Amino acid sequence: MLIVPGHPLLDKDRLVGGCVRLPIATELARLQAELGALPERFWGTRGGRVGVHRPAQAVFLRGHAPAEGNLPIEDREALDLLPAFRALIHERIPAPPLRALLALLPGGAVIAPHADQAPYFGQTIRLHVPIVTHARMWMYCAGRSYRIAEGEVWALNNSTLHAVWNADPERGRIHLICDFLPTPALIELLLRGERDLGVDNRAVHDHLFAAQPAGA
């Protein structure tokens with residue numbers, strides 16, 4: 001069972017709710033340039049992710065997919081080629097980073113509704129940074145649908161029901177996804193973040209739940 005010793009479970013419904021946009025600036029142009037220069041050999045696999053995450057390609061920058069076991073959480077080879085990503089993960093976010101990955105969701109694909117249940121996910125705060133996205137990309141969390149723009153930093157309550165729909169059949173989406181241990185500075189950013197930005201979009205809800213695998 002994946003767990004971070006010495007860290008309690010968080011009340012993420014209170015801390016995050018659904019999704020919160022954090023007041024953190026990023027160097028989007030540098031991030032996109034580095035991403036574009038990342039050798040193709042890093043892509044083309046799921047990075048060990050399973051279940052609802054099968055539609056997405058993944059490149060782990062720190063640590064490994066939970067399905068691969070409780071392996072050490074350390075910087076991976078790809079991060080050596082991405083100094084702006086390294087600075088964002090290790091310096092711009094005021095908290096210790098754990099697992100971090102780049103996730104490419106192809107056009108038209110869905111990450112079906114699910115909640116991350118392992119203790120690890122209840123002990124950490126998950127941040128998403130869209131590097132490449134578009135206006136037909138939807139993040140669904142806690143009953144609301146969110147559009148999140150390139151270069152923004154969002155906290156996601158992945159302990160509650162959440163899902164993703166890339167509604168553009170032609171364009172992919174790439175997010176930096178990183179888990180952090182909570183610190184007073186990160187909690188303060190969460191409290192200052194913009195909330196209530198999600199909408200009740202019935203079309204998104206219906207599409208996501210129609211795509212949910214039987215028995216999920």
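Bear in mind the structure is a predicted one, so any value in this text is a computation, not a measurement.
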request  = Pick out which of Leu10, Leu98, Ile3 makes a side chain to side chain contact (heavy atoms under 4.5 Å, CB included) with Gln123.
outcome  =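 Of the listed options, the one satisfying the test is Ile3.
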
query = Knowing that exactly one of Val153, Leu156, Asp179 qualifies, which makes a side chain to side chain contact (heavy atoms under 4.5 Å, CB included) with Leu127?
reply =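 Exactly one option meets the side chain to side chain contact (heavy atoms under 4.5 Å, CB included) with Leu127, and it is Val153.
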
Nearest 0.5 angstrom please: [X] [atom1] to [Y] [atom2], how far?
X: Leu208; Y: Ser145; atom1: CG; atom2: OG; answer: 7.0 Å
X: Met139; Y: Cys19; atom1: CE; atom2: SG; answer: 5.5 Å
X: Arg49; Y: Phe60; atom1: CZ; atom2: CZ; answer: 6.0 Å
X: Asp200; Y: Arg144; atom1: CG; atom2: CZ; answer: 5.0 Å
X: Leu176; Y: Phe85; atom1: CG; atom2: CZ; answer: 6.0 Å
X: Leu82; Y: Leu61; atom1: CG; atom2: CG; answer: 6.0 Å

Minimum heavy-atom distance [X]-[Y], with the two atoms named:
X: Thr133; Y: Pro130; result: CG2-CB, 3.9 Å
X: Pro106; Y: Pro55; result: CD-O, 3.2 Å
X: Pro119; Y: Leu9; result: O-CD2, 3.8 Å
X: Gly48; Y: Glu68; result: CA-OE2, 3.6 Å
X: Leu15; Y: Arg195; result: O-NH2, 2.7 Å
X: Leu105; Y: Asn166; result: O-ND2, 3.2 Å

Donor-acceptor under 3.5 Å ([X] side chain, [Y] main chain):
X: His134; Y: Arg136; value: yes
X: Arg126; Y: Phe121; value: no
X: Glu34; Y: Ala84; value: yes
X: Lys12; Y: Gly18; value: no
X: Gln57; Y: Arg46; value: no
X: Ser159; Y: Gln117; value: no
X: His114; Y: Ala112; value: yes
X: His162; Y: Thr160; value: yes

request  = Tell me, yes or no, whether the heavy-atom count around Asp11 atom CG, taken from other residues, nucleotides or ligands under 6.0 Å, exceeds 12.
outcome  =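 Yes.
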
Establish whether [X] and [Y] are linked, either directly or via other cluster members, by ILVMFWY side-chain heavy-atom contacts under 4.5 Å.
X: Leu181; Y: Ile89; value: no
X: Ile174; Y: Leu81; value: yes
X: Phe42; Y: Val129; value: yes
X: Leu189; Y: Ile93; value: yes
X: Leu35; Y: Leu79; value: yes

inquiry  = Show, in sequence, the C-alpha distance, side-chain angles and deciding distance for Tyr140 and Val164, and conclude whether the side-chain contact (heavy atoms from CB on, under 4.5 Å) test is met.
reply    = CA-CA 6 Å; Tyr140 175 91; Val164 186; over 6 Å; no

message = Could you tell me if Arg76 and His64 have a donor-acceptor pair between their side chains, going purely by distance under 3.5 Å?
response =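 Present: a donor and an acceptor within the cut-off.
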
Can you find a pair of side-chain heavy atoms, one from [X] and one from [Y], that are under 4.5 Å apart?
X: Thr124; Y: Phe180; value: no
X: Leu197; Y: Trp154; value: yes
X: Leu104; Y: Trp43; value: yes
X: Ile111; Y: His53; value: yes

ask   = Looking at Asp75 and Arg62, does any basic side-chain N land under 4.0 Å from a carboxylate oxygen?
value =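 The answer is yes: the pair qualifies as a salt bridge.
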
request  = Flag the pair Glu152 and Arg147 as a salt bridge only when some basic side-chain nitrogen lies within less than 4.0 angstrom of an acidic carboxylate oxygen.
outcome  =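 No, Glu152 and Arg147 are not salt-bridged.
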
key: side-chain contact (heavy atoms from CB on, under 4.5 Å) between Leu102 and Leu38, intermediate numbers included   = CA-CA 11 Å; Leu102 296 169; Leu38 187 67; 4.1 Å; yes

key: Chi angles and distances behind the salt bridge (Lys or Arg N to Asp or Glu O under 4.0 Å) call for Arg86, Asp80   = CA-CA 8 Å; Arg86 180 190 295 277; Asp80 291 337; 2.7 Å; yes

query = Can you list the steps and then say if His207 with Trp165 is a ring-ring contact (aromatic ring centres under 6.0 Å, His included)?
reply = CA-CA 8 Å; His207 186 86; Trp165 178 25; 3.9 Å; yes

task = Any chance you could lay out the side-chain contact (heavy atoms from CB on, under 4.5 Å) test for Tyr120 and Val4, step after step, and finish with the verdict?
result = CA-CA 6 Å; Tyr120 165 88; Val4 184; 3.8 Å; yes

request  = Please step through side-chain contact (heavy atoms from CB on, under 4.5 Å) for the pair Tyr146 and Arg21, ending with a clear verdict.
outcome  = CA-CA 10 Å; Tyr146 298 81; Arg21 184 164 60 194; over 6 Å; no

Tell me which donor-acceptor pairs under 3.5 Å the side chains of residues 22-32 have, and how far apart each pair is, sequence neighbours excluded?
from	atom 1	to	atom 2	distance (Å)
Thr26	OG1	Gly151	O	2.6
Glu27	OE1	Arg30	NH1	3.1
Gln32	NE2	Ile131	O	2.9
Gln32	NE2	Glu150	OE1	3.1

